[in-house]
Amino acid sequence: MFERGCKPPAQWRIGTEHEKFVYRRADHRAPSYDEPGGIRDLLMALTPFGWQPVTEGGNVIALTGPDGGISLEPAGQFELSGAPLETIHQTCAEAGRHLDQCKTAGDALGLGFLGLGFWPDKRRDELPVMPKGRYAIMLRHMPRVGRLGLDMMLRTCTIQTNLDYASEADMVRKFRVSLALQPLATALFAASPFTEGRPNGFLSYRSHIWTDTDPARTGMLPFVFEEGFGFERYARYALEVPMYFVYRDGRYIDAAGQSFADFLEGRLPALPGERPRIDDWKDHLSTAFPEVRMKSYLEMRGADGGPWGRICALPALWVG
């Protein structure tokens, strides 16, 4: 899978992902999924712009369209996963279209959007949970492995840039440079200094949260800088990351803490005797959260959500 991601420079693209908090303008409350004028209605209010609903268990939980996909984070944080584009000018225009559409839909529903890395005033118990099966599993598992994992899920927003690589050697160079620069990106885009209405002592409390979320799947990956790093070494790392779930027949099966290596051998307790499909491996890769992550491209993950200009500035930083 990693090797198949290699592309000649003419085919390189830029992907930008960005999340926003949604709040009710009347009382600043975070809306639930199914209340009138809530998150479900916000998703459906975007369909006149050409977005198509994606359902899970009878609930609309995402949208697809020419500008990529719109999805929901656990407490209703609203995310655009942008389409692969050729230039930062195109990704900036894409972000502008999305934000204009959100503003139009939000105005009709009395909803506003906040670009910060952490909810500045909300407690965990004030926030809704979206009806997505994988989130139910993760919410149960997070307190077992860290003190702040629930805050990561419910109270943070981020901006992310995705870039292609030409070869294994090119991937290694880009992985090392982006991982080394990740603290700089965190500092440049820091925007989460408040917790429950008070200064929290951090410029980026969102980045602090990742230090106590789940040490088995987060952090800086020192092995990336070791001699011999490449596709195989990252695959071995991913196999060591404990699983969250397996998706089968439209439902998420709880496999939290179990081993993907055991799954390869048909010894997964959640699905005894069954071996993984390629989609299971893709799902598993999406549950590792290092500061830079590899799929069939590289994801530079660690920047606070912030004022809208940051959405264009972050890919500009990584593209150079």
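Using a distance-only test at 3.5 Å, with no hydrogens or angles considered, a donor-acceptor pair links the side chain of Ser192 to the main chain of Tyr205. The backbone N or O of Phe78 lies less than 3.5 Å from no partner atom in the side chain of Glu73, so there is not a single donor-acceptor pair. Within the 3.5 Å criterion, the main-chain N or O of Leu85 finds no donor-acceptor partner in the side chain of Arg13. Between the side chain of Arg40 and the main chain of Asp34, a donor-acceptor pair closer than 3.5 Å is present. Not one N or O on the side chain of Glu3 forms a donor-acceptor pair closer than 3.5 Å with the backbone of Phe231. Listed for the Asp212 side chain is a donor-acceptor partner under 3.5 Å among the backbone atoms of Arg147. Remark: side-chain polar atoms of Thr158 are paired, donor with acceptor, to backbone N or O of Arg301 under 3.5 angstrom. Side-chain N or O atoms of Arg24 include one that pairs as donor or acceptor with a backbone N or O of Gly37 at under 3.5 Å. Although no hydrogens or angles enter the test, the distance criterion places no donor-acceptor pair under 3.5 Å between the side chain of Asp280 and the main chain of Pro276.
For Asp125, the CG atom counts as densely surrounded, since its 6.0 Å shell holds more than 12 non-hydrogen atoms of other residues, nucleotides or ligands. Other residues, nucleotides and ligands place more than 12 heavy atoms under 6.0 Å from the CD atom of Glu196.
With salt bridges taken as basic N to acidic carboxylate O contacts below 4.0 Å, one links Glu126 and Arg123. Salt-bridge annotation for Glu299 and Lys295: present, with a side-chain N of the basic residue lying under 4.0 Å from a carboxylate O of the acidic one. Remark: Glu274 does not engage Arg267 in a salt bridge, criterion side-chain N to carboxylate O under 4.0 Å. Under a 4.0 Å N-O distance rule, the pair Asp164/Lys7 qualifies as a salt bridge. Note on Glu35 versus Arg29: salt bridge recorded, some NZ/NE/NH1/NH2 to OD/OE distance being below 4.0 Å.
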- Query: Between Ile70 and Leu46, is a side-chain contact (heavy atoms from CB on, under 4.5 Å) present by the stated rule, with each step listed?
  - Reply: CA-CA 10 Å; Ile70 294 173; Leu46 292 174; 3.7 Å; yes

- Take Thr16 and Thr91, measure what side-chain hydrogen bond (donor to acceptor under 3.5 Å, both in side chains) needs, and give me the verdict at the end. CA-CA 7 Å; Thr16 306; Thr91 198; 2.8 Å; yes

- Query: Step by step, would you call Phe2 with Met171 a side-chain contact (heavy atoms from CB on, under 4.5 Å)?
  - Reply: CA-CA 10 Å; Phe2 301 140; Met171 178 280 294; over 6 Å; no

- Under the side-chain contact (heavy atoms from CB on, under 4.5 Å) criterion, do Val292 and Gln182 qualify, and how do the steps go? CA-CA 8 Å; Val292 178; Gln182 200 65 38; 3.8 Å; yes

- Verdict with supporting geometry, Val60 and Tyr33, side-chain contact (heavy atoms from CB on, under 4.5 Å): CA-CA 10 Å; Val60 177; Tyr33 174 80; 4.0 Å; yes

- Check the pair Asp170, Arg173 against salt bridge (charged side-chain N to carboxylate O under 4.0 Å, His left out), reporting the backbone distance first and the verdict last. CA-CA 5 Å; Asp170 186 47; Arg173 285 192 296 269; 3.6 Å; yes

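Across all non-hydrogen atoms, the minimal contact from Gly257 to Pro242 is CA-CB, 3.9 Å. Nearest heavy atoms, Ala255 versus Leu268: CB-CD2, 4.5 Å. Nearest heavy-atom pair across Asn162 and Gln160 is OD1-NE2, 3.0 Å. Pro53 and Leu63 make their closest contact through CA-CD2, 3.8 Å (heavy atoms, listed as atom of the first residue, atom of the second, distance). Here the closest heavy-atom approach between residue Cys92 and residue Cys312 is recorded as SG-SG, 2.5 Å. When all heavy atoms of Lys174 and Ser178 are compared, the closest pair comes out as O-OG, 2.7 Å.
Note on Tyr135: it does not cluster hydrophobically with Val54, by side-chain heavy-atom contacts below 4.5 Å among ILVMFWY residues. No path of Ile, Leu, Val, Met, Phe, Trp and Tyr side chains, each step under 4.5 Å between heavy atoms, connects Leu80 with Tyr297, placing them in separate hydrophobic clusters. One hydrophobic cluster, built from ILVMFWY side chains closer than 4.5 Å, holds both Leu148 and Met152.
Remark: Met130 CE to Gln77 CD distance equals 8.0 Å, nearest 0.5 Å. Glu79 CD to His18 NE2: the interatomic distance, rounded to the nearest 0.5 Å, is 8.5 Å. To the nearest 0.5 Å, atoms CZ (Phe189) and CG (Asp304) are separated by 10.0 Å. We find the CG-CG distance between Leu188 and Leu203 to be 11.5 Å, quoted to the nearest 0.5 Å. Here Leu285 contributes atom CG and Met1 contributes atom CE; the two are 5.0 Å apart, rounded to the nearest 0.5 Å. Rounding to the nearest 0.5 angstrom, the gap separating the CD1 atom in Ile61 from the CD1 atom in Ile39 is 13.5 Å.
With contacts defined as side-chain heavy-atom distances shorter than 4.5 Å, the pair Val241/Phe289 does not qualify. Side-chain contact between Asp279 and Tyr247 is absent, with no heavy atoms from C-beta onward closer than 4.5 Å. Side chains of Trp12 and Tyr165 form no contact here, defined as non-hydrogen atoms less than 4.5 Å apart. The closest side-chain heavy-atom distance from Leu154 to Lys122 is not below 4.5 Å. Looking at heavy atoms from C-beta onward, Val319 lies in side-chain contact with Ile14 at the 4.5 angstrom threshold. Met142 is listed as a side-chain neighbour of Thr213, based on a closest heavy-atom distance under 4.5 Å. Side-chain contact between Leu221 and Leu179 is present, with heavy atoms from C-beta onward closer than 4.5 Å. Counting heavy atoms from C-beta on, the side chains of Phe194 and Pro199 come closer than 4.5 Å.
Phe260 and Phe263 have perpendicular rings, their planes meeting at more than 60° on a 0 to 90° scale where under 30° would count as parallel. Between Trp51 and His98, the ring-plane angle classifies as perpendicular under the 30° and 60° cut-offs.
For the pair Arg176 and Phe229, the cation does not sit on the ring face, since its NZ or CZ is not both under 6.0 Å from the ring centre and inside 45° of the axis. Relative to the ring axis of Tyr237, Arg217 does not place its NZ or CZ within 45° and under 6.0 Å from the centre. Stacking of Lys20 on the aromatic ring of Trp119 is not recorded, the 6.0 Å distance cut-off and the 45° axial limit not both being met.
Residues passing the side-chain contact (heavy atoms from CB on, under 4.5 Å) test with Ala256 are Ile137, His141, Arg144, Asp254, sequence neighbours excluded.
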Under 3.5 Å, sequence neighbours excluded: what are the donor-acceptor pairs made by side chains of residues 107-114?
| residue | atom | partner | partner atom | Å |
| --- | --- | --- | --- | --- |
| Asp107 | OD1 | Arg25 | NH1 | 2.9 |
| Asp107 | OD1 | Arg25 | NH2 | 2.8 |
| Asp107 | OD2 | Lys103 | NZ | 3.2 |

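Side-chain contact annotation: Tyr234 with Arg293, donor-acceptor N/O pair under 3.5 Å absent.
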